[in-house]
Amino acid sequence: MVANKSTEAQAGKTTEADIQAQIDQLRGDIAELTKLIGTLGNQKASEARVKAEKFRDDAIKSGQDAYDRARDEAMSFEEDVEDHIRSRPLQSILMAAGFGFLMALLTRR
């Protein structure tokens, strides 16, 4: 029984070396977790960068397409107006004069 009590006493004791070993193991685990979190953060940042670049490229393409459509419409309108003026020059002059007269009346006040 005496031997049993001394074994139990030694098993219940924690030495400084045991505590230091556990602290070192915790430090290693924390360092490994830090690396994993850093890697995960870099992966997420890369994914976000790729998504942002794709969004930017899509926005640029959409803007360019809208600009091209607007330019084409403006050019088409200009050609229609030129055709109308060439086909009916007197009517076009009278319409321009009437429009100018109305604008003068509106801006007079």
| query | Under the side chain to side chain contact (heavy atoms under 4.5 Å, CB included) test, which residues partner D24, sequence neighbours left out? | reply |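 By the side chain to side chain contact (heavy atoms under 4.5 Å, CB included) rule, D24 matches Q20, R27.
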
| query | In chain order, what residues pass the side chain to side chain contact (heavy atoms under 4.5 Å, CB included) check against K44, with sequence neighbours excluded? | reply |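 K44 satisfies side chain to side chain contact (heavy atoms under 4.5 Å, CB included) with L40, E47 once adjacent residues are dropped.
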
| said: Check D65 with R69, please: is the shortest side-chain N to carboxylate O separation under 4.0 Å? | reply: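 Answer for the salt bridge query: no.
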
| query | Is a salt bridge present between K54 and D58, judged by a nitrogen-to-oxygen distance below 4.0 Å? | reply |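 A salt bridge links K54 with D58.
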
| Going by atom types alone, do Q25 and D29 pair a side-chain donor with an acceptor below 3.5 Å? |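 There is no such pair (donor and acceptor under 3.5 Å, judged by atom type) between the side chains of Q25 and D29.
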
| Check: N42/T39 side-chain N/O donor and acceptor closer than 3.5 Å |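 No - no donor-acceptor pair under 3.5 Å links their side chains.
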
| Does some side-chain heavy atom of V81 sit less than 4.5 Å from a side-chain heavy atom of I85? |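 The answer is yes, as the side chains (C-beta and beyond) meet within the 4.5 Å cut-off.
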
| said: Measuring only between side-chain heavy atoms, which start at C-beta, is R71 closer than 4.5 Å to Y67? | reply: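 The answer is yes; the side chains approach within 4.5 Å.
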
Distance-only criterion, 3.5 Å: show the donor-acceptor pairs between side-chain atoms of residues 87-104 and protein atoms not counting sequence neighbours.
from: S87; atom 1: OG; to: D83; atom 2: O; distance (Å): 3.1
from: S87; atom 1: OG; to: H84; atom 2: O; distance (Å): 3.1
from: R88; atom 1: NH1; to: H84; atom 2: ND1; distance (Å): 3.2
from: S92; atom 1: OG; to: R88; atom 2: O; distance (Å): 2.8

| query | Under 6.0 Å from the CD atom of E53, do we count more than 12 heavy atoms belonging to anything else shown? | reply |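 Count over threshold, so yes.
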
| Roughly how far apart are I37 CD1 and I30 CD1, rounded to 0.5 Å? |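 Those atoms lie 10.5 Å apart.
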
| request: May I have the step-by-step check of side chain to side chain donor-acceptor pair (under 3.5 Å) for D18 and Q22, ending in yes or no? | output: CA-CA 6 Å; D18 293 337; Q22 288 178 357; over 6 Å; no

